[in-house]
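Labels below follow one simple rule: chain letters A, B, ... track the order of the sequence lines, proteins then strands, and each chain is numbered from 1.
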Protein chains: 2
Amino acid sequence: MVGRPRDERVDQAILAATRKVLTEQGYSRLTVDAVATAAGVGKAAIYRRYSSKHELVFAAAIHDLDLAPPPDGGSLSADLAALVQDVLDSLSTPTARAAGPGLLSDFLGDPALADRFEETFLARERACVQAALDRAVARGELDAPPDTALTHSLIMGPAFVWLYVFRREETETFARDLTVRLEAALRHTPPRT
Amino acid sequence: MVGRPRDERVDQAILAATRKVLTEQGYSRLTVDAVATAAGVGKAAIYRRYSSKHELVFAAAIHDLDLAPPPDGGSLSADLAALVQDVLDSLSTPTARAAGPGLLSDFLGDPALADRFEETFLARERACVQAALDRAVARGELDAPPDTALTHSLIMGPAFVWLYVFRREETETFARDLTVRLEAALRHTPPRT
DNA sequence: TAGTTTCGGAACTCTTCGTTTCGAAATATG
DNA sequence: CATATTTCGAAACGAAGAGTTCCGAAACTA
């Protein structure tokens, strides 16, 4: 590679400034100029790294999500509790709270971004769900495991709505209650149709 | 009231054009000029009725949602099936699919709009959930009814995520499966802590 | 040393929101 | 009927912000 190398501190300053503006102003009031100013950086430095404002916010919000699959908790109940906690943690950071719905809306108009979200976030989460279901079957806790996507929606859905639609701040008792209800939902063997 | 009265056909033309542009272009590509052109109307006629683009889209998307509380279905199972179907129907119209996440994002930057959403949509849905839970208790199907907001999130959340995050088109078997799992989740009496 | 890429900063174009103005039409009031 | 008021479509306007381009300087490679 020839030429002046990119300054890594600029990369970090841009992402940090984006998260700062995001939490202080919200996605709808975030401007690229404001990010550049807050980062002490020229706008060109931003567009050299990200092709659009959407890409910038995506990178800043989906950057260090804790996506290591939770370890075997020993029981379906423990695995579900860990999954619920991980999902709630991912969605309730100040950055995620500020950018989540806006990013979701961006995906509608930018299929490439939506695909990246699917690969970067959804597929990994789904794999964690799948692993927990497989372990429960192996333990004999579940005969017929429910569909993975359905299970995923049963975990992520209530958490998403609780935080982004109902805008509840409190998550502790919610996490406990959701986990208990989820276990009951999954253990139930549906009647043959 | 003095002066020339508002033409009611203009009201309808604006809302119809908004829904048309919404489904054809998506929220992110919807411009007020495009709506005005599609409606055969001046932009001033739009801003005479709505104070912002957000208000316009809100009115067009949350207009005729079927918010009559579902009648007593005779059993918790039947009531849940009806609730799930109503929620899925509300969220899966072409207009809702195009505007849903965008509107949700707008609420973050416009608390007044968020309050109207709470009153117009969430409160009514919550009342339907509450009524179904009350009937189940009266029938003796539930001893300790779960928290209404939690139950609401258990119904709306998976539906929302299924349609807007996973972007699944298919809803029939999803509705059936969700209903069955929900009933199991609600019937379960959580252990004393 | 020459060529390339980065840097911050500024100027620029283009799109879109929201406002204002225009003449004409419709209605209520006197 | 006459006047005041509000509507109508259309067009022009100002402000804001996305994205691009250029500048001189700095950092790196060959």
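Taking only side-chain atoms of B:Arg49, from C-beta outward, the nucleotide of D:dC8, C:dC17, D:dG9 with the closest atom is D:dC8.
Under the 3.5 Å distance criterion, the side-chain polar atoms of B:Glu183 are left unmatched by any main-chain donor or acceptor of B:Ala185. Between the B:Thr171 side chain and the B:Phe174 main chain, no donor and acceptor come within less than 3.5 Å of each other.
Within 4.0 Å of A:Leu56, counting heavy atoms only, lies no atom of the nucleic acid at all. The residue B:Ile46 sits apart from the nucleic acid: no heavy atom pair falls under 4.0 Å.
With respect to the salt-bridge test (charged N to carboxylate O, under 4.0 angstrom), the residues A:Glu24 and A:Lys20 qualify. The pair A:Arg139-A:Asp79 counts as a salt bridge, with a side-chain nitrogen and a carboxylate oxygen less than 4.0 angstrom apart.
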Mark up nucleotides 20-30 of chain D, 5' to 3', with B wherever a protein heavy atom is under 4.0 angstrom from a base atom, S wherever such an atom reaches only the sugar-phosphate, and - elsewhere.
BB----BBBS-

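Cluster annotation: B:Leu163 and B:Tyr27 are assigned to the same hydrophobic cluster (Ile/Leu/Val/Met/Phe/Trp/Tyr, side-chain heavy-atom contacts under 4.5 Å, transitive). Residue B:Leu15 is grouped with residue B:Ile62 when hydrophobic side chains (ILVMFWY) are merged at heavy-atom distances under 4.5 angstrom, including chains of intermediate members.
For the pair A:Asp33 CG and C:dG9 C1', the computed distance is 11 Å after rounding to whole Å. Atom C1' of nucleotide C:dT27 and atom CG of B:Asp7 are separated by 13 Å, given to the nearest angstrom. If you take CD of B:Glu55 and C1' of C:dG18, they are 14 Å apart, rounded to a whole angstrom. If you measure from atom CD of A:Gln25 to atom P of D:dA16, you get 15 Å, rounded to the nearest angstrom. At whole-Å resolution of the value, CZ in A:Arg29 and C1' in C:dC17 are 15 Å apart. For the pair A:Tyr50 OH and D:dA18 P, the interatomic distance rounds to 16 Å; values are reported in whole Å. At whole-Å resolution of the value, CZ in B:Arg9 and P in C:dA26 are 10 Å apart.
Ring-plane geometry between B:Phe117 and B:Phe58 is classed as perpendicular, the angle between the planes exceeding 60 degrees on a 0 to 90 degree scale with a lower cut at 30.
One finds no side-chain N or O of B:Arg6 lying less than 4.0 angstrom from the OP1 or OP2 phosphate oxygen of C:dA25.
Residues of residues 99-110 of chain A having a heavy atom closer than 4.0 Å to DNA chain C: none are found.
A:Phe160 pairs by the ring-ring contact (aromatic ring centres under 6.0 Å, His included) definition with A:Tyr164, B:Phe160, not counting sequence neighbours.
Residue A:Glu55 forms a salt bridge (charged side-chain N to carboxylate O under 4.0 Å, His left out) with just one option from A:Arg116, A:Arg49, A:Arg48, and that option is A:Arg116.
Nearest-nucleotide mapping onto DNA chain D: of A:Lys53 and B:Gly42, the residue sitting toward the 5' end is B:Gly42.
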